[in-house]
Amino acid sequence: MKKFIQEFKAFALRGNVMDMAVGVMIGSAFSGIVTSLTDNFITPVISLLTGAARYSLQDAAAFGASFASSVVNFLIQALILFCMMKAVNKLLALGRKPAAPQAPTTKKCPYCLSDIPLAATRCPHCTSLLENAAAAPSNS
């Protein structure tokens with residue numbers, strides 16, 4: 001049972017699963033904005049243009065307030081989701097060891113200061129012969 005829980009934890013906290021979950025939650029929250037936009041702006045404008053309904057100034061203010069409420073709800077949900085993801089990432093980082101620094105693979109040319117491979121005997125940028133060229137075996 002312990003192994004099963006560990007495997008599930010590894011699966012659920014994997015990066016792409018968390019990203020998908022965030023995408024689904026943000027998408028469902030954003031659908032509230034789209035629905036509100038349709039119900040509170042597009043439908044009344046179409047009804048007004050076709051003469052199907054008449055709206056007062058109070059109706060227009062109510063439509064605007066409802067849409068603003070949907071936008072605020074979306075922003076609150078996004079903020080809460082962001083804070084939750086920060087907390088999850090911080091918890092996951094607690095058990096990790098810092099990555100060991102990797103050995104350098106390049107060096108600076110002493111003449112033009114370009115980055116060149118460590119094994120280079122001649123700079124590909126300025127074509128200067130490097131100091132360690134004498135120690136390197138020649139092919140000629």
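No hydrogens, no waters, no symmetry mates; every other heavy atom, side chains included, goes into these values.
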Assess the residue pair Ile116 and Leu130 against the criterion (side-chain contact (heavy atoms from CB on, under 4.5 Å)); give the C-alpha distance rounded to whole Å, side-chain angles, the decisive distance to 0.1 Å, and a yes or no. CA-CA 11 Å; Ile116 56 174; Leu130 302 175; 3.4 Å; yes
[X]-[Y] co-clustered via ILVMFWY side chain contacts under 4.5 Å:
X: Met85; Y: Phe74; result: yes
X: Val71; Y: Phe82; result: no
X: Leu91; Y: Val22; result: no
X: Val34; Y: Leu37; result: yes

With rounding to the nearest 0.5 angstrom, report the [atom1] to [atom2] distance, [X] to [Y].
X: His125; Y: Asp115; atom1: NE2; atom2: CG; result: 7.5 Å
X: Leu129; Y: Tyr111; atom1: CG; atom2: OH; result: 7.5 Å
X: Ile42; Y: Ile46; atom1: CD1; atom2: CD1; result: 7.0 Å

Could you tell me whether a side-chain N or O of [X] sits under 3.5 Å from a main-chain N or O of [Y], the two making a donor and an acceptor?
X: Lys107; Y: Leu118; value: yes
X: Arg122; Y: Ser128; value: no
X: Ser66; Y: Phe63; value: no
X: Asp59; Y: Ser56; value: yes

What's the verdict on side-chain contact (heavy atoms from CB on, under 4.5 Å) for Ser114 and Cys126, showing C-alpha distance, side-chain angles and the deciding distance? CA-CA 9 Å; Ser114 299; Cys126 68; over 6 Å; no
Please go through [X]'s hydrophobic cluster and name the other residues, only I, L, V, M, F, W, Y counting, with side-chain heavy atoms under 4.5 Å joining them.
X: Leu49; answer: Val45
X: Leu113; answer: none
X: Val72; answer: Ile76, Ile80, Met84

Residues which pass side chain to side chain contact (heavy atoms under 4.5 Å, CB included) with Asp39, listed by chain and number, not counting sequence neighbours: Thr35
With sequence neighbours left out, write down each residue that passes side chain to side chain contact (heavy atoms under 4.5 Å, CB included) with Thr43, or none if nothing qualifies. Thr38, Ser47
Answer yes or no: are there more than 12 heavy-atom neighbours, outside Tyr55 itself, under 6.0 Å from its atom OH?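 Count over threshold, so yes.
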Are Phe41 and Phe67 close enough that their ring centres sit under 6.0 Å apart?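 So the answer is yes for these two rings.
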Among all residues two or more places apart in sequence or in another chain, which pass the side chain to side chain donor-acceptor pair (under 3.5 Å) test with Ser36? Asn40, Ser70
